[in-house]
Structure formats: structure tokens, C-alpha cells
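Let me begin by presenting the structure, written as C-alpha cells, before commenting on it.
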Amino acid sequence: MSVISTFKTLKIDKESIAYQGSLLGGIAALATLVLLLVYDFTAENISLRHREDQLSGLTQVLPQAYYQNDLLASQYQWLLNDQNYQVFVGKDDTNKILSYAVQFQAQGFSGYITILMGLDANFTILGVRVLEHTETPGLGDKIEIARNDWITSFNGRSLQNTQEAMWAVKKDGGGFDQFTGATITPRAIVNEVYKSLVLMQSDLKQLISEELANESV
């Protein structure tokens, strides 16, 4: 066979479905390998950054005096009433509960608002912070501590010292300020904080006790 004939044969083979399929498969396999290598190289850093972000939020709602343990190693998660609750338990060196931090969401004007609430052992609020939101800049974003101190109005409140009717914005007859032109956002947060506080003292408290009892066995 001449050189020209051989070349034509190779050219035809390269244009065949089998060859094209093998080529695409090889490229896909190479791309997958590259992605796996990149993930393996960055996974530890991503995990570390996520841990740092979580701790940053927790330290804003739980003062250091309210926990001596690794909060991230004492976290639990439950789905109740169509709401996902993530709870962190603060303990002293004898495993006595000193505090709780509970993460949940509220439906705001523009989307879901992720909220973190810190409580002492008697379920008095130590602090509340908004972790994520998509509310309107200049209006609803006043829920951020960096833009407004409104979120600190929850500090020191509990079910014992704040009547149920007061867990609402003033426009609805409650005790919390609303924002001019953005009532929906603060209303959503107040309502969800109240519901989560009630749930913490009932269902979630019981679930936490059961988890801790199982761990001590």
C-alpha cells in the first residue's frame, strides 16, 4: 500500500463515529481527572473557610463566656414544621449546657433570609444576626448589623419578659420597629424568631436532651 493510500485510510478512520466517540470520551475523562485534582487540592481550604465563616457567625451571637466546647462538634439538625433547624449547643467543661445557637430561615420580600439566634440556658436571647439575604439594598438590607442596629432589638428578650402580642412590628401592634418602605422584611424576621424561640423551648429542647442522653450512653 502506498503512503498516500495509508494516509487516506487514516483520515477516513479519524472521521468515523467510533474514532470521534473515543476522542470525546478521552477528553471527558481528562476533564474529569483535572476537576478531581482541583477539588482534592482545594477541598481542605474550602472546608476551612466554611468552618471559619460558621465560627464567625456563632461568636457574634454567643459570647465566649457561654461556651467552652467546640461548637461545631456539638451541632444537630432537624426538620420541623417544614423548617430546617440547625442547633449548636454550648457547654462548659463538665458538659453542662450554657447556651444554644439555632439557625433557621424566614421568607423575606425578595427571598429567604438565613438567621442565627443565640440563647442562654434559660432561653433568653443573647443575639440575633442575619447571615444571608437578598433583600432590597437601601431598604430591607437594614437587617444587617453593619448597616443598622435594628437586629440588636432582640437582645435580652425571652418568652417570659415579652408578651406574645409584642412579638410583632409596631405597625401590627407589636414592640419592634419596622423600616420605612420595607415592613415585610422586619415582620418576617420577628415572626420567625418568635416561632423558633417557642420551638426551642418545646420540641427542640426535648430533641437536644435525647441526643445528649444517647451520646452519654
Side-chain angles (χ1 to χ4, degrees), residues 38-79 83-93 95-158 176 179 182 185-186 188-197 199-200 204-205 207-208 211-212:
V38 171
Y39 174 79
D40 187 59
F41 181 74
T42 60
E44 186 175 350
N45 285 335
I46 292 173
S47 177
L48 181 61
R49 296 294 174 270
H50 179 64
R51 178 182 173 85
E52 290 174 348
D53 288 343
Q54 282 189 303
L55 286 174
S56 176
L58 289 168
T59 55
Q60 291 185 57
V61 299
L62 289 183
Q64 182 63 56
Y66 287 89
Y67 65 94
Q68 297 174 16
N69 61 318
D70 180 359
L71 290 172
L72 299 184
S74 185
Q75 58 177 307
Y76 309 92
Q77 192 164 310
W78 294 281
L79 180 65
Q83 171 75 269
N84 186 38
Y85 292 95
Q86 187 172 9
V87 182
F88 303 83
V89 181
K91 295 178 284 189
D92 65 13
D93 55 8
N95 280 331
K96 177 183 178 182
I97 295 178
L98 301 177
S99 61
Y100 306 90
V102 55
Q103 185 174 312
F104 50 92
Q105 290 186 319
Q107 176 61 60
F109 178 76
S110 302
Y112 284 106
I113 302 168
T114 303
I115 303 165
L116 186 65
M117 173 173 63
L119 307 166
D120 69 13
N122 296 314
F123 299 100
T124 296
I125 296 177
L126 298 172
V128 176
R129 290 292 183 274
V130 169
L131 302 181
E132 294 180 359
H133 74 89
T134 56
E135 299 303 278
T136 307
L139 293 173
D141 64 352
K142 292 178 183 177
I143 56 179
E144 297 177 30
I145 188 64
R147 297 183 179 279
N148 194 287
D149 65 356
W150 176 83
I151 201 73
T152 63
S153 58
F154 291 99
N155 294 1
R157 292 182 181 267
S158 69
F176 292 85
F179 309 142
T185 303
I189 293 179
V190 173
N191 289 345
E192 208 59 53
V193 165
Y194 173 70
K195 286 196 298 183
S196 298
L197 188 56
L199 206 60
M200 275 297 298
L204 287 172
K205 178 183 178 181
L207 289 170
I208 292 168
E211 287 286 349
L212 294 177

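In what follows, residues are counted from 1 in the order of the sequence shown. From a predicted model like this one, the values you see are computed outputs, not experimental measurements.
- Under a 3.5 Å cut-off, the side chain of S196 and the backbone N or O of V193 do not form any donor-acceptor pair.
- Side-chain contact between L207 and Y76 is absent, with no heavy-atom pair separated by less than 4.5 Å.
- Checked options T114, I115, L131, I113; the residue passing with Q105 is T114 (criterion: side chain to side chain contact (heavy atoms under 4.5 Å, CB included)).
- Scanning all heavy atoms of the two residues, the minimum distance from A106 to A188 falls at CB-O, 3.7 Å.
- Applying the salt bridge (charged side-chain N to carboxylate O under 4.0 Å, His left out) criterion to D141, with sequence neighbours excluded, gives R147.
- Looking at residues two or more places apart in sequence or on another chain, you find a ring pair (Phe, Tyr, Trp, His ring centres under 6.0 Å) between Y194 and W167.
- Put simply, the side chain of Q103 never gets that close to the backbone of Q86: no donor and acceptor are under 3.5 Å apart.
- Considering every non-hydrogen atom in both L58 and A101, the closest pair reads CD2-CB, 3.6 Å.
- N69 contributes atom CG, which lies 14.0 Å from atom NZ of K96 (distance to the nearest 0.5 angstrom).
- The 12-atom threshold is exceeded at CD of Q107, counting heavy atoms of other residues, nucleotides or ligands nearer than 6.0 Å.
- Listed here is the closest heavy atom pair of G90 and Y67: CA-CB, 3.7 Å.
- T185 places a side-chain heavy atom less than 4.5 Å from the side chain of F109.
- Residues Y100 and D120 share a closest heavy-atom pair of CD1-O, 3.8 Å.
- A distance of 10.0 Å separates CG in L98 from CG in L62, rounded to the nearest 0.5 Å.
- A pairwise comparison of heavy atoms in N155 and L126 identifies OD1-O, 3.7 Å as the closest pair.
- One distance of note links CZ of R157 with CZ of F176; it measures 4.0 Å at 0.5 Å rounding.
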